Protein chains: 2
Amino acid sequence: MIRIFIDYLLPIFYFKCMTKNREKLLMILNANKVPMNASLIYEDTKDSFDLATIYRGLNYLETNNYVSSFVFDCKESGVQRYFTIKEESHKHYMHCEKCHTFTAIPLCPLKNALSDIEEEYGFIVDEHYLTLRGICRHCAETTL
Amino acid sequence: MIRIFIDYLLPIFYFKCMTKNREKLLMILNANKVPMNASLIYEDTKDSFDLATIYRGLNYLETNNYVSSFVFDCKESGVQRYFTIKEESHKHYMHCEKCHTFTAIPLCPLKNALSDIEEEYGFIVDEHYLTLRGICRHCAETTL
DNA sequence: TATTTTTTGCAAATGATTCGCATTTTTATT
DNA sequence: AATAAAAATGCGAATCATTTGCAAAAAATA
Ligand SMILES: [Mn+2]
Ligand SMILES: [Mn+2]
Ligand SMILES: [Zn+2]
Ligand SMILES: [Zn+2]
């Protein structure tokens with residue numbers, strides 16, 4: 001299997017503890033570039049490995065900073081955790097409730113806002129979660 | 001039971017279909033002013049009514065626009081849905097991972113950003129979810 | 001008051017995620 | 001390479017928030 005990864009996003013000891021399964025998970029997330037949940041990944045890798053292994057693998061990858069995740073309540077498939085490869089900058093997403101896909105918002109619209117809030121409320125912000133829900137351009141055009 | 005509600009936040013036919021239980025849910029949410037999940041409310045109303053009724057009541061109140069909700073993954077209590085009374089303007093919250101409470105962010109820091117995104121990506125934004133996770137002022141001061 | 005509709009309590013079902021444990025694979029040590 | 005120790009996997013069972021079926025209770029309507 002060919003290992004294609006962008007250096008800067010990988011911890012130094014990449015090959016340490018990187019099993020075939022974990023690597024496959026990374027490949028899938030890297031190939032799709034959109035947030036995927038466990039069952040979506042399971043589809044992608046059918047009969048290749050177990051769902052529990054996928055969950056365990058994703059958790060491992062997250063605690064070791066290869067991927068990050070968020071929970072989202074899709075009107076079609078309910079509340080699930082979605083995973084993405086960690087990139088240079090963190091990302092937020094818009095979710096279309098017609099085609100149920102995620103689209104990345106290239107730059108975080110909260111840059112200044114967060115430091116303002118920290119200053120004003122003395123709250124130390126470790127993480128922030130932002131998701132938009134609506135109708136994507138494509139679905140808006142093809143008026144179903 | 002005394003009915004204290006702020007007019008503007010209540011649909012016109014407030015008393016229609018407003019059962020004792022649903023009213024109690026509103027009272028609790030209105031009294032606490034912070035996002036509460038079903039079990040939290042259940043504590044508050046112990047032996048008064050059933051957990052399933054709480055869920056059903058909250059769902060009713062949400063579809064009828066009395067309350068709104070979001071899912072949040074608290075490091076202590078996991079992924080749960082939190083409900084708040086609907087106020088004039090929608091609200092976002094900071095969650096402290098030391099005392100596990102929510103604090104409202106009085107004004108939404110996404111005002112302009114959203115219309116920019118709609119314009120740039122042709123995505124129609126129906127809802128947006130923003131939550132901050134960190135350490136609140138109080139917990140930061142009392143260095144545990 | 002009688003009839004219809006809605007809500008409730010309780011128990012059982014659901015669905016995403018986790019966990020226990022025996023087995024297999026990987027890593028470290030002779 | 002062979003052996004011993006450690007970590008990962010598959011499978012099934014457990015967990016936990018939330019939902020649902022159903023019969024009884026309450027509320028709305030006639
Ligand atoms: Mn969706
Ligand atoms: Mn918490
Ligand atoms: Zn779409
Ligand atoms: Zn705190």
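Proteins come first, then strands; the chains are lettered A, B, ... in the order of their sequence lines, and each starts at number 1. Quick caveat: nothing in here was measured; it's all calculated off a predicted structure.
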Asks: Quick check: do His138(A) and Cys99(A) have side-chain heavy atoms less than 4.5 Å from each other?
Replies: no
Asks: Tell me if a side-chain donor or acceptor on Thr63(A) pairs with a main-chain N or O of Tyr60(A) at a distance below 3.5 Å.
Replies: yes
Asks: Measure CG/Asp73(B) against P/dC16(D) and give the value in whole Å, please.
Replies: 15 Å
Asks: Rounded to the nearest angstrom, tell me the gap between atom OH in Tyr42(B) and atom P in dT18(D).
Replies: 15 Å
Asks: Output the rounded distance in Å from NZ (Lys24(B)) to P (dT8(C)).
Replies: 12 Å
Asks: Provide the full list of salt bridge (Lys or Arg N to Asp or Glu O under 4.0 Å) pairs with a residue in residues 50-61 of chain A, sequence neighbours left out, each pair given once.
Replies: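 Residue pairs passing salt bridge (Lys or Arg N to Asp or Glu O under 4.0 Å), neighbours aside: none found.
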Asks: Think Arg133(B) forms a cation-pi with Tyr129(A), using NZ or CZ under 6.0 Å from the six-ring centre and within 45 degrees of its axis?
Replies: no
Asks: Is the shortest side-chain N/O distance from Asn21(B) to OP1 or OP2 of dT8(C) below 4.0 Å?
Replies: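 Yes, because at least one side-chain N or O of Asn21(B) sits under 4.0 Å from OP1 or OP2 of dT8(C).
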Asks: Taking CD from Glu62(B) and C1' from dT19(D), how many angstroms apart are they, rounded to a whole number?
Replies: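 About 15 Å, once rounded to whole Å.
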Asks: The test is side-chain hydrogen bond (donor to acceptor under 3.5 Å, both in side chains); show your working for Thr84(B) and Lys91(B) and say whether it passes.
Replies: CA-CA 9 Å; Thr84(B) 53; Lys91(B) 283 227 166 50; over 6 Å; no
Asks: Using the C1' atoms of the five pairs at each end, what is the angle between the end axes of the helix from dT1(C)-dA30(D) to dT30(C)-dA1(D), to 10°?
Replies: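 Result, rounded to 10 degrees: 30°.
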Asks: Using whole Å, what does the distance between atom C1' of nucleotide dT7(C) and atom CD of Glu23(B) come to?
Replies: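 From Glu23(B) CD to dT7(C) C1': 15 Å.
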Asks: Could you state the atom-to-atom distance from CZ of Arg22(B) to P of dA28(D) in whole Å?
Replies: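 To the nearest whole Å, that distance equals 11 Å.
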Asks: Got a sec, which hydrophobics cluster with Ile117(A), joining ILVMFWY side chains under 4.5 Å apart, including via others?
Replies: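 Its cluster mates, by chain and number, are Met94(A), Ile105(A), Leu110(A), Leu114(A), Tyr121(A), Phe123(A), Val125(A), Leu130(A), Leu132(A), Met94(B), Ile105(B), Leu110(B), Leu114(B), Ile117(B), Tyr121(B), Phe123(B), Val125(B), Leu130(B), Leu132(B).
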Asks: Rounded to whole angstrom units, what separation is found between the CG atom of Asp50(B) and the P atom of dT20(D)?
Replies: 15 Å
Asks: Give every residue pair that meets the side chain to side chain donor-acceptor pair (under 3.5 Å) criterion with at least one member in residues 69-80 of chain B, sequence neighbours excluded.
Replies: Arg81(A)-Asp73(B), Glu127(A)-Lys75(B), Ser39(B)-Gln80(B), Glu62(B)-Ser69(B), Ser69(B)-Arg81(B)
Asks: Using a 4.0 Å heavy-atom cut-off, write out nucleotides 14-26 of chain C from 5' to 3' as B (base contacted by protein), S (sugar-phosphate only) or - (no contact).
Replies: --SBBBB-----S
Asks: Output the rest of the hydrophobic cluster of Ile135(A): all Ile, Leu, Val, Met, Phe, Trp and Tyr residues reachable through side-chain heavy-atom contacts under 4.5 Å, sorted by chain and number.
Replies: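 Reading the cluster by chain and number, Ile135(A) sits alongside Ile124(B).
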Asks: Which class fits the ring pair Tyr93(A) and Phe70(A): parallel under 30°, tilted 30 to 60°, perpendicular over 60°?
Replies: parallel
